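Within every chain, numbering begins at 1; the chains are lettered A, B, ... in the order of the sequence lines, protein sequences first and strands thereafter. Quantities reported herein were computed from a predicted structural model and do not represent experimental measurements.
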Amino acid sequence: MQVSIYRYNPETDLKPSMQDFQVEIPNDKDIMILDVLALVKEQDDSVAYRRSCREGVCGSDGINMNGINGLACITPISAVTKKDKLILRPLPGLPIVRDLVVDMTAFYKQYERIKPYLQNDEATPAIERLQSPEDRAKLDGLYECILCACCSTNCPSFWWNPEKFVGPAGLLQAYRFLADSRDTHTEERLADLEDPFSVFRCRGIMNCVAVCPKGLNPTKAIGHIRSMLMERGA
Amino acid sequence: MANIRTITFDGLIVGGGGSGLRSALELSQSGYKTAVISKVFPTRSHTVSAQGGITCAIASNDPDDDWRWHMYDTVKGSDYIGDQDAIEYMCSEGPQAVFELEHMGLPFSRNPDGRIYQRPFGGQSRDYGKGGQASRTCAAADRTGHALLHTLYQANLKNNTVFFNEWYAVDMVKNQDGVIAGVIAICMETGEVVYVKSKATVIATGGAGRIYASTTNALINTGDGIGMALRAGFPMQDMEMWQFHPTGIHLAGVLVTEGSRGEGGYLINKDGERFMERYAPNAKDLAGRDVVARSMVLEILDGRGCGPDADHVLLKLDHLGEKVLNEKLPGILELSRTFAHVDPVHAPIPVVPTCHYMMGGIPTNIHGQALSMDAEGNDNVIEGLFAVGEAACVSVHGANRLGGNSLLDLVVFGRAAGIQIEKMLSQGLEQREASESDIEGAMARLDRLNNSTSGEKTADLRKELQNIMQNHFGVFRKGDFMQEGIEKLADLRERINNVHLEDKSNTFNTARVEALELKNLFEVAESTAISAEGRNESRGAHAREDFTTRDDENWLCHSMYFPESKTLGKRDVNFKPKTVPTFEPMERKY
């Protein structure tokens, strides 16, 4: 099949271009896009992309496949390709380091900004802190985020304001700690988010939900944060 | 150093997985200038793939549970070549280390009383094997590694650890006194080569499952720290001991947690028979991993495998019901649907034993200090060098690791190394200097690669290496066949040294990293091969067709591989725990 890949090496290229590769798919099997990339790299080892676990849990290989953000390692060819034509581009909206490798600094910065760690000022018990299964269930759908950036780089609000809008991934984690019965810094966390941009630039477009490879729902989490901020204001 | 930039730290950790992050946290919490070099953003490290849990006697599911029972299981699981002082330390310190993780925010699953949920895992017992199956593995659904790794990364952010993400460590810097003074590393984004100097260097580079063609390991598991240590001339311990996990998804290699059998799943052959009842009448599907993996291979060899090629068996889960599967094994449902095209709610998963874990590695004491051996066979601490996690061999796993013990090993010994370095720094540990000539080797290796004009491709050589290991050093091993494998490897060495790097650019050059990784894979493979050929017995994961029984008279010991002479020596196993009587070697039955 023909695979068209976004190429850019800042050392040699004035501007990016698309390069076509002819790839022989073994036995016409419906392999994963990451496997396709490995076959391309066997032809031309200068093609750069990130990868690690190859099973959809590490979040390295978020790329744009025929217009759709996703993880290359758990996306079979058939999920994104109709007529034997595959176009692979880097995640949109972030600076390009090289080829399919994007500079994720802005994305990580927003993650760090929401203080993604448990804060609890009470004395530490001798054993674990207790948490009821019901309270623990509130973290389901939040803690599973793998920081692949498929959502934030699919979000027009994040494209426009990557410095000021936390973005769906960061906000999902912000809510993960707001929702944790063990965290005592709810007030400070909300105060940090109370401005016109951090949360409220979300326009409910739900592009994040559409592409999350883990099936998570950042829009819903953002809705919860909004409600908490409203209640706090009232 | 004249030509390259130098950055200096109190503590340097090479590797951003669970063990490395736990070491780093200990140091940065104490205010020491601490850096982590990781070739991937830390949460992409292989710890993230750990599923089932972290085994530890926190006495949540069973108020009578006792770390000594866990110790007994671990010693037995190791087929008696796990060091009993180290196992004692891990099992007794474990609860504290796990509670700390919870305090950091790890989202463990919970019991109705609010305590941490624990599930049964293989090789676990109550009352020193006399009280039936235990439930000792603390879990966050079937995503425990993910939850643990993210929590540790977050805790490091909180404590201002310095991260060099997407930096690749090339070699250790060993000075003329044999002291480790840091590493030479490449910043992948720019290609810059830097000397990262440190008073203490911790190797936390994880495993090397990619030496095999079929593995549950991430693509990044290339044994970089092992390669570095072997090139520095340091010995490796128990490198023949590789764990084949019973349930890798057929053809894909992706792991299905042992927790799925802990929750009540079981293996069946083509006749639908629960065959583990024959091989391990008591523990059945929850026998040691080595036992289950071998039984599966025997079923397949006896013609009772499944599928058109009769080359796998099936893991049955559907009888657990959709509710339990959704709640306890959601990740497994996802992986099975994606990689096996099977929905475990309705149909069994095709599985086959798959390379999973390296029990061997850099020998260390219980403080994470790396060891070499003098001519008289005494341990020598290598100054400046530490090793933790899968890259280390402390050894708590001996010849076979129990499920759930790797995450415990990571946090307990990551923490222990941190505490030891902290102590040494507070007592005035000084930076040892290195000279230009001490980094020549690393620079020459880089130059050779960067100046290559011909030679074979990395991908081709890597495949050849992986096939040799898969075919000659798999679940069952035989002397003449291993010798053949060693000869093939010898032929491969020079070809790998001459690998051709076509792309010479500096910006995020993944081809260069892969070529360097290939050299590390080779070092790991060769030490594995020579160690495996040398151990003339069957013990734990090392099963020989020509020496089918355990030989305690000659081999109740660690193997030590010496890279300079490529020879195999022996090292005593520790049988002296401090607070409990020795667990004497017995016949291992499940």
Side-chain angles (χ1 to χ4, degrees), chain A residues 9-12 32 38 41-42 44-60 74 76 97-99 101 103-104 108 111-112 115-120 124-133 135-137 139-140 142-147 176-177 180 182-183 214-215, chain B residues 40-41 43-46 48-49 58 60 95 98-99 102-117 140-141 143 145-147 150-151 153-155 157-158 166 189 218-220 252 254-255 331 334-335 338-339 457-460 501-503 505-511 514:
Chain A
N9 179 347
E11 289 169 55
T12 50
M32 301 295 174
K41 202 170 171 68
E42 281 180 22
D44 179 351
D45 71 0
S46 73
V47 176
Y49 56 91
R50 294 186 172 103
R51 83 287 181 276
S52 173
C53 76
R54 63 81 173 89
E55 57 185 26
V57 296
C58 81
S60 296
I74 52 169
V97 175
R98 172 176 178 171
D99 300 341
V101 177
D103 178 356
M104 297 186 55
Y108 293 138
Y111 172 68
E112 287 172 29
K115 304 204 169 91
Y117 36 79
L118 193 83
Q119 299 182 81
N120 185 318
T124 331
I127 58 166
E128 72 268 43
R129 291 181 202 281
L130 300 183
Q131 185 174 45
S132 69
D135 279 339
R136 168 58 184 76
L139 308 183
D140 285 337
L142 305 172
Y143 83 93
E144 301 93 323
C145 173
I146 57 173
L147 299 176
R176 176 247 174 277
F177 289 99
D180 196 323
R182 301 169 296 171
D183 192 280
K214 304 309 284 181
Chain B
V40 292
F41 182 78
T43 64
R44 328 266 184 231
S45 307
H46 188 53
V48 82
S49 293
I58 61 163
S60 151
V98 168
F99 294 144
E102 196 282 334
H103 298 154
M104 286 175 220
L106 199 155
F108 281 111
S109 301
R110 300 287 172 160
N111 285 334
D113 66 358
R115 292 206 62 194
I116 293 170
Y117 169 75
R143 303 188 177 101
H146 169 280
H150 280 251
T151 301
Y153 178 63
Q154 293 162 350
L157 285 179
K158 191 177 179 180
E166 298 182 328
E189 193 180 330
L219 292 156
I220 58 169
V254 171
L255 174 71
E334 240 179 87
L335 289 172
T338 307
F339 288 99
K457 287 182 172 186
T458 299
D460 296 340
L501 178 68
E502 221 168 300
D503 176 14
S505 60
N506 284 319
T507 310
F508 219 95
N509 186 336
T510 51
E514 285 188 27

Turns out that what part of F177(A) lies under 4.5 Å from chain B's heavy atoms comes down to side chain
Student check: side-chain heavy atoms of L157(B) and P116(A) closer than 4.5 Å:
yes
Close side-chain approach of R50(A) to F41(B), heavy-atom, < 4.5 Å:
no
Which pair of non-hydrogen atoms, one from P133(A) and one from P112(B), has the smallest distance, and what is that distance?
CG-CA, 3.8 Å
Backbone of V97(A) reached by a side-chain donor or acceptor of E189(B) within 3.5 Å
no
Pick whichever of R176(A), E144(A), E112(A) has the most heavy-atom pairs under 4.5 Å with chain B.
E144(A)
As an exercise, state the distance from CG of L106(B) to CG of L118(A), rounded to the nearest 0.5 Å.
10.5 Å
One pair to check against side-chain contact (heavy atoms from CB on, under 4.5 Å): M32(A) and T338(B). What are the steps and the verdict?
CA-CA 10 Å; M32(A) 301 295 174; T338(B) 307; 3.6 Å; yes
What part of A126(A) lies closer than 4.5 angstrom to a heavy atom of chain B: side chain, backbone, both or neither?
backbone
Considering all heavy atoms, the nearest S49(B)-C53(A) contact
OG-CB, 3.8 Å
P76(A) versus chain B, the contacting section by heavy-atom distance below 4.5 Å:
neither
Calculate, to the nearest 0.5 Å, the distance between atoms NZ and CD belonging to K214(A) and E334(B) respectively.
4.0 Å
Looking at V254(B), I58(B), D460(B), which makes the most heavy-atom pairs under 4.5 Å with chain A?
V254(B)
Which bit of L255(B) comes within less than 4.5 Å of chain A, counting heavy atoms only: side chain, backbone, both or neither?
backbone
Which heavy-atom pair separates I146(A) from R44(B) by the least distance, and what is that distance?
O-NH1, 3.0 Å
Please answer whether the main-chain N or O of G105(B) pairs with a side-chain N or O of R182(A) as donor and acceptor at a distance below 3.5 Å.
yes
In terms of heavy-atom proximity below 4.5 Å to chain B, should L139(A) be classed as side chain, backbone, both, or neither?
side chain
Could you measure the distance from the OG atom of S60(B) to the CG atom of L130(A)? Nearest 0.5 Å is fine.
9.5 Å
Looking at every heavy atom in both K41(A) and E514(B), which two are closest together, and how far apart are they?
CE-OE2, 3.3 Å
Select, from M104(B), R115(B), H46(B), K457(B), the one with the greatest count of heavy-atom pairs under 4.5 Å involving chain A.
R115(B)
Please check this pair: side chain of H146(B) against backbone of C58(A), looking for a donor-acceptor N/O pair closer than 3.5 Å.
no
K115(A) portion near chain B, given a 4.5 angstrom heavy-atom threshold
neither
Who among R51(A), Q119(A), Q131(A) has the most heavy-atom pairs with chain B under 4.5 Å?
Q131(A)
Looking at T510(B), N509(B), N506(B), which one forms a side chain to side chain contact (heavy atoms under 4.5 Å, CB included) with R98(A)?
N509(B)
For P107(B), is there any backbone N or O sitting under 3.5 Å from a side-chain donor or acceptor partner on R136(A)?
yes
Less than 4.5 Å to any heavy atom of chain B: does that hold for the side chain of N9(A), its backbone, both, or neither?
side chain
Considering only heavy atoms and a distance below 4.5 Å, find which of A38(A), P125(A), A137(A) pairs most often with chain B.
P125(A)
Using 0.5 Å steps for rounding, measure from the NE2 atom of H150(B) to the CG atom of L147(A).
5.5 Å
Please flag which part of Y153(B) lies under 4.5 Å from any non-hydrogen atom of chain A: side chain, backbone, both or neither.
side chain
What is the minimum heavy-atom distance between A48(A) and F508(B), and which atoms define it?
CB-O, 3.7 Å
Do you know which of Y111(A), Y143(A), Y108(A), Y49(A) has the most heavy-atom pairs under 4.5 Å to chain B?
Y108(A)
Partner chain B: residue of V57(A), D180(A), I127(A) with the largest heavy-atom pair count (under 4.5 Å)
I127(A)
Residue pair E55(A) / F339(B), side-chain heavy-atom distance below 4.5 Å:
yes
Going by side-chain contact (heavy atoms from CB on, under 4.5 Å), name the residues that satisfy it together with A459(B), two or more places apart in sequence or in a different chain.
E42(A), R462(B)
For chain A, which candidate among T458(B), L335(B), T43(B), I116(B) shows the most heavy-atom pairs at distances under 4.5 Å?
I116(B)
E502(B) side chain to S46(A) main-chain N or O, any donor-acceptor pair under 3.5 Å?
no
OG1 on T507(B) to CD on E11(A), rounded to 0.5 Å
3.5 Å
